[in-house]
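We use all heavy atoms of the structure for the numbers below, so side chains are in, but hydrogens, waters and symmetry mates are not. This chain uses plain numbering: 1 for the first residue, then up along the sequence.
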Amino acid sequence: MNKDKLILRTRFIERASHWVMVLCFLAVALSGLSWFFPSLNGLNAVFGTPQLARILHPFFGVVVFLLLAFLFVRFVKYNLPEREDLAWFRNVRQVLAGEHEPALQIGKYNAGQKILFWGIMGLISVLLVSGVVIWRPYFAPWFSIPSIRIGLLVHAIAGICLILLIIGHAYLAFWVKGSIRGMVTGYVSRSWAKTHHDRWYRQISNKQSGSGKQQ
Ligand code: HEM
């Protein structure tokens with residue numbers, strides 16, 4: 001497609017971090033789920049063997065955290081709460097029904113995406129802290145048995161919550177046609193931007209000097 005008609009939404013380094021993080025997240029989430037019930041044990045084959053899963057799960061978890069920390073730095077400015085987000089909440093039913101007639105003043109990310117962003121960042125932080133407390137053989141010996149028990153419970157609950165959030169995130173990404181292409185190629189069409197992120201579209205259209213390359 002002609003790039004003049006497209007708008008750069010996500011830069012290469014952010015897309016690469018997102019998709020590498022998704023692969024690591026899948027491995028960490030599947031191996032984590034494998035320890036919930038014996039019937040799920042087979043899922044730890046994602047790392048080859050159960051022993052490798054036990055060793056690698058926390059290391060890959062740290063990689064997920066670091067990549068998300070990088071995305072946090074890159075995206076936090078677009079995910080701060082703004083007064084305009086109220087319009088999205090007031091019209092959430094129309095948004096879900098795909099009726100974008102009223103200008104909702106949506107910035108680069110909508111209020112729902114912002115909630116998801118903070119949910120993901122909060123939960124990954126809880127997972128990191130609780131993960132360190134229960135990480136044998138390296139850090140767990142520094143903590144008391146009751147702390148490790150609490151750490152295990154918190155880690156399991158935060159893990160389930162994050163997996164549920166991500167299922168919602170992936171579902172919405174497929175549901176809003178054009179979003180996945182934005183995260184794969186970096187570019188979205190002007191009409192996509194106008195329909196889903198009208199205020200962001202106006203801001204970049206105003207800034208654009210005809211190169212079609214600004215975010
Ligand atoms: C198959 C799974 C996934 C798909 C299809 C997917 C898809 C996407 C897409 C299309 C976007 C761009 C949205 C836009 O431009 O409006 C995005 C953004 C994002 N994704 Fe994912 N994603 C997946 C998994 C994950 C996982 C596992 C995480 C974190 C644990 C994650 C964290 C994020 C974050 C932080 C953003 C930026 C959103 C913001 O700043 O508000 N994604 N994802």
Side-chain angles (χ1 to χ4, degrees), residues 10-76 79 112-113 115-176 179-186:
T10 314
R11 291 180 187 279
F12 174 77
I13 186 74
E14 297 155 350
R15 297 188 326 260
S17 306
H18 178 269
W19 292 119
V20 171
M21 183 269 298
V22 170
L23 291 180
C24 296
F25 180 85
L26 276 179
V28 174
L30 289 176
S31 53
L33 284 174
S34 79
W35 297 313
F36 272 90
F37 301 106
S39 54
L40 296 178
N41 279 175
L43 293 177
N44 60 29
V46 68
F47 279 118
T49 66
Q51 292 79 3
L52 273 177
R54 176 62 193 79
I55 294 167
L56 295 177
H57 171 97
F59 287 102
F60 274 66
V62 170
V63 173
V64 170
F65 175 82
L66 292 176
L67 290 170
L68 276 174
F70 172 72
L71 291 180
F72 179 84
V73 172
R74 301 289 290 208
F75 294 153
V76 66
N79 285 284
Q113 289 176 300
I115 292 175
L116 211 96
F117 176 87
W118 289 103
I120 290 172
M121 298 306 168
L123 286 168
I124 198 70
S125 309
V126 172
L127 282 163
L128 181 80
V129 173
S130 55
V132 166
V133 172
I134 62 176
W135 193 346
R136 288 177 217 267
Y138 306 112
F139 304 105
W142 299 352
F143 298 92
S144 65
I145 298 289
S147 313
I148 294 174
R149 285 186 183 146
I150 293 170
L152 276 165
L153 184 66
V154 170
H155 198 73
I157 293 172
I160 294 290
C161 291
L162 185 57
I163 289 170
L164 292 176
L165 267 193
I166 294 307
I167 291 173
H169 169 67
Y171 176 78
L172 289 172
F174 281 102
W175 189 58
V176 178
S179 312
I180 302 266
R181 197 180 65 178
M183 205 30 141
V184 172
T185 66

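- The aromatic ring centres of Phe143 and Trp135 sit 6.0 Å or more apart.
- Among all heavy-atom pairs drawn from Gly61 and Val28, the shortest one is N-CG2, 3.5 Å.
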Could you give me the CA-CA distance, side-chain angles and deciding distance for Leu68 and Ile120, then say whether side chain to side chain contact (heavy atoms under 4.5 Å, CB included) is met?
-> CA-CA 9 Å; Leu68 276 174; Ile120 290 172; 3.9 Å; yes
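- Closest of all the heavy-atom pairs between Leu127 and Gly159 is CD2-N, 3.6 Å.
- Ring geometry for Trp118 versus Phe72: interplanar angle over 60°, hence perpendicular rather than tilted (30 to 60°).
- Minimum interatomic distance between Leu40 and Leu33 (heavy atoms only, all atoms of both residues): CD1-O, 3.4 Å.
- Between Tyr171 and Trp175, the angle of the ring planes stays under 30°, which puts this pair in the parallel group of the 30/60° scheme.
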Please assess Met121 against Val76 for the test side chain to side chain contact (heavy atoms under 4.5 Å, CB included), listing each intermediate value before the final yes or no.
-> CA-CA 10 Å; Met121 298 306 168; Val76 66; over 6 Å; no
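- Listed by first and then second residue, the ring pair (Phe, Tyr, Trp, His ring centres under 6.0 Å) pairs involving residues 12-46 are Trp35-His57 (not counting sequence neighbours).
- With rounding to the nearest 0.5 Å, the separation of CZ in Phe47 from OG in Ser34 is 9.5 Å.
- One distance of note links SG of Cys24 with CZ of Phe60; it measures 5.5 Å at 0.5 Å rounding.
- Closest heavy-atom contact between Leu165 and Gly119: CD1-C, 3.8 Å.
- For the residue pair Ser147 / Ser144, a side-chain donor-acceptor distance below 3.5 Å is found, with atom types taken as modelled.
- Atom CZ of residue Arg15 and atom CE of residue Met183 lie 8.5 Å apart, to the nearest 0.5 angstrom.
- The CD1 atom of Ile166 lies 9.0 Å from the CG atom of Leu123; values are rounded to the nearest 0.5 Å.
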CA sep, side-chain torsions, deciding dist, call: Ile157, Leu153, side chain to side chain contact (heavy atoms under 4.5 Å, CB included) = CA-CA 6 Å; Ile157 293 172; Leu153 184 66; 4.0 Å; yes
Go through the steps to decide whether Val154 and Val133 satisfy the test side chain to side chain contact (heavy atoms under 4.5 Å, CB included), and finish with yes or no.
-> CA-CA 10 Å; Val154 170; Val133 172; over 6 Å; no
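- Within the 3.5 Å criterion, the main-chain N or O of Val176 finds a donor-acceptor partner in the side chain of Ser179.
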